[in-house]
Amino acid sequence: MTLLAVEDVARAFGAVQAVAGVSFAVGAGERVALIGPNGAGKTTCFNLVNGQLAPDRGRVRLAGRDVTGLGPRRLARLGVGRTFQISQTFPSLTVRENVQMALAARHGHAWRVGRALTRYEAAAADAVLERLGLAAQADHGAATLAYGDAKRLELAIVLAQEPRLLLMDEPTAGMAPDERHALMELVSGLATGGAGAGKAVGLLFTEHDMDVVFGHADRVVVLDRGRVIANGDPAAVRRDPLVRQVYLGPEEET
């Protein structure tokens, strides 16, 4: 099933055409990487999908519903979750309380939780933390977490809202190589409905680490100067002469 459909979306900033008629789709349970050189339009495209920007033309559809121009909060209620290159957590709260806050927001109770936060949906919060490998740190302050654990906590906060489409902006930025692949293995299991995740989630992510991209994406979309120059199987995209020319560089001889 097509979960996300981006149809001929364009956005300019003055005379600069950041995105110039981009189209692609993401299916439920599919992992799609959006890559390209700096200035290719990846971040603008992400912001158009997430509702932080409205397109000058084109449509964004979520499970067939036209959601073009809807803001991030409305899209979140419709099942769109997003993580950022710099982790977005509540450093003054514990790890568990961060997830409890997300659960309260999902249920529309955040405004009245207050001091009762430590008791709110504690079991549900712990279940999410268990899936992310953070159960042992539930009572730790979020500000004390190592960088990789902070990234996993941000993901836990998003997953607590039960998204059906997950947008991840540079999910492994700043992480050590082994941490990068461990996180993406975890995310892959969540996307496909494995590892006790339940329903499959569509995943769209940007990433500069090509080992992560070609090791974990089902499909790769390549942007250059605001346009799609390749869209397909990772192996085919990796061999594409134009992608090699504008982004990946020449193939290494074996």
Side-chain angles (χ1 to χ4, degrees), residues 1-7 22-35 42 45-46 48-51 59-67 70 72-84 99 102-103 105-107 121 123-135 151-172 180-207 209 211-221 231-237:
M1 181 190 80
T2 298
L3 183 59
L4 171 69
V6 177
E7 303 170 352
V22 166
S23 298
F24 63 87
V26 179
E30 187 178 27
R31 301 163 300 170
V32 177
L34 185 66
I35 68 172
K42 302 184 299 295
C45 196
F46 242 58
L48 292 169
V49 171
N50 190 53
R59 291 283 175 232
V60 178
R61 301 184 191 277
L62 182 66
R65 174 175 175 172
D66 189 342
V67 296
L70 296 187
R73 288 188 179 181
R74 292 185 65 186
L75 286 173
R77 289 196 291 269
L78 293 174
V80 178
R82 179 175 181 178
T83 68
F84 294 82
V99 180
L103 289 167
R106 189 185 94 204
H107 297 144
E121 296 280 1
D126 285 345
V128 175
L129 293 174
E130 182 70 35
R131 285 165 56 192
L132 274 296
L134 289 170
K151 298 284 279 188
R152 285 192 290 159
L153 176 56
E154 182 189 29
L155 181 57
I157 292 169
V158 173
L159 293 178
Q161 299 171 52
E162 297 188 355
R164 48 181 172 166
L165 174 66
L166 177 58
L167 310 176
M168 301 187 76
D169 188 3
E170 298 284 347
T172 70
R180 295 174 190 173
H181 289 286
L183 178 67
M184 292 308 295
E185 287 287 353
L186 175 62
V187 171
S188 292
L190 296 168
T192 58
K199 190 178 297 184
V201 175
L203 171 65
L204 176 66
F205 68 100
T206 65
E207 183 59 62
D209 186 325
D211 287 339
V212 169
V213 169
F214 292 109
H216 298 281
D218 298 310
R219 191 157 45 82
V220 179
V221 178
N231 181 351
D233 172 82
V237 168

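Side-chain N or O atoms of Thr206 include one that pairs as donor or acceptor with a backbone N or O of Glu170 at under 3.5 Å.
Between His216 and His181 the shortest side-chain heavy-atom distance falls below 4.5 Å. Looking at Gln161 and Arg77, their side chains never come closer than 4.5 Å, going by heavy atoms from C-beta outward. Here the side chains of Leu155 and Leu183 are in contact, with some heavy-atom distance below 4.5 Å. By the 4.5 Å heavy-atom criterion applied to side chains, Leu4 and Phe24 are counted as neighbours.
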Subject >> Check against side-chain contact (heavy atoms from CB on, under 4.5 Å), Phe46 and Leu204 >> reply: CA-CA 9 Å; Phe46 242 58; Leu204 176 66; 3.7 Å; yes
Subject >> CA sep, side-chain torsions, deciding dist, call: Leu70, Leu78, side-chain contact (heavy atoms from CB on, under 4.5 Å) >> reply: CA-CA 10 Å; Leu70 296 187; Leu78 293 174; 3.8 Å; yes
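Closest approach of Ile157 to Ala102, counting heavy atoms only: O-CB, 3.4 Å. When every heavy atom of Ala217 is checked against every heavy atom of Ala33, the shortest pair comes out as CB-CB, 3.9 Å. Nearest heavy atoms, Leu103 versus Ala124: CD1-CB, 3.9 Å. Contact detail for Ile35 and Glu207: the closest heavy-atom pair is CG2-O, 3.8 Å. Among all heavy-atom pairs drawn from Val128 and Ala156, the shortest one is CG1-O, 3.6 Å. Across all non-hydrogen atoms, the minimal contact from Gly81 to Pro163 is N-CB, 3.8 Å.
Considering Leu203, Thr83, Leu132 as possible partners of Val187, the one that fulfils the side-chain contact (heavy atoms from CB on, under 4.5 Å) test is Leu203. Here the options are Val49, Leu165, Val60, Val67, the test is side-chain contact (heavy atoms from CB on, under 4.5 Å), and the partner is Leu75; only Val67 passes.
Looking at residues two or more places apart in sequence or on another chain, you find no side chain to side chain contact (heavy atoms under 4.5 Å, CB included) involving Ala123. Every side chain to side chain contact (heavy atoms under 4.5 Å, CB included) that Ala25 has, sequence neighbours left out, goes to Thr2. With sequence neighbours left out, Ala63 forms a side chain to side chain contact (heavy atoms under 4.5 Å, CB included) with Leu3, Arg164. Partners of Asn231 under the side chain to side chain donor-acceptor pair (under 3.5 Å) rule, at least two apart in sequence or in another chain, are Arg219. Every residue was checked against the salt bridge (Lys or Arg N to Asp or Glu O under 4.0 Å) condition with Arg74, not counting sequence neighbours, and none meets it. Legend: residues meeting side chain to side chain contact (heavy atoms under 4.5 Å, CB included) with Ala236, ordered by chain and number and at least two apart, are Asp233, Arg239.
A distance of 10.0 Å separates CG of Leu34 from CZ of Phe205, quoted to the nearest 0.5 Å. In this structure, the separation between SG on Cys45 and CG on Leu167 is 10.0 Å, given to the nearest 0.5 Å. If you take CG on Leu186 and CZ on Arg131, they are separated by 8.5 Å, rounding to the nearest 0.5 Å.
For Arg59, the CZ atom is loosely surrounded, since the number of other residues' heavy atoms within 6.0 Å does not exceed 12.
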